[in-house]
> 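What follows is a structure written as structure tokens; I'll ask about it next.
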Amino acid sequence: MYDVKDDINELPSFRALKEEYGIFQQAQLDTSRTCVYRNDEIDLASDSIYEYGKAA
């Protein structure tokens with residue numbers, strides 16, 4: 001699990017997760033399966049999720 005709360009507060013592109021209705025639920029996995037993204041500006045690389053995420 002990866003908590004995006006800090007990203008929302010620190011990264012301007014991530015603020016849309018809080019401000020735009022429904023965008024949080026639009027997460028997708030890219031074709032290479034190495035990145036979770038929501039739009040052209042909001043993405044999380046798998047290595048960041050692995051390094052900073054927590055086991056569920």
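Everything numeric in this text was worked out from a predicted model, so none of it was measured.
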> Walk me through it: do D3 and Y52 pass the test side-chain hydrogen bond (donor to acceptor under 3.5 Å, both in side chains)?
CA-CA 9 Å; D3 188 351; Y52 301 108; over 6 Å; no
> Any chance you could measure K5, atom NZ, to K18, atom NZ, to the nearest 0.5 Å?
11.0 Å
> Is there side-chain contact between V36 and Q28, with at least one heavy-atom pair below 4.5 Å?
no
> Could you tell me whether the side chain of D6 and the main chain of E10 form a donor-acceptor pair under 3.5 Å?
no
> Between I42 and I23, is there a side-chain heavy-atom distance shorter than 4.5 Å?
yes
> Is the CG atom of N9 crowded by more than 12 outside heavy atoms at less than 6.0 Å?
yes
> Can you name the closest pair of heavy atoms from C35 and D43 and give their distance?
SG-CB, 3.5 Å
> Enter the distance from Q26:CD to L17:CG here, rounded to the nearest 0.5 Å.
10.0 Å
> Let's go through Y2 and L44 carefully: what are the C-alpha distance in whole Å and the side-chain angles of both, what is the deciding distance for side chain to side chain contact (heavy atoms under 4.5 Å, CB included) to 0.1 Å, and is it a yes or a no?
CA-CA 9 Å; Y2 182 91; L44 287 167; 3.6 Å; yes
> CZ/F14 to CD1/I8 distance, rounded to the nearest 0.5 angstrom?
8.5 Å
> Could you tell me if the side chain of F24 sits less than 4.5 Å from the side chain of R38, heavy atoms only?
yes
> What's the spacing between E20 CD and R15 CZ if we round to 0.5 Å?
13.0 Å
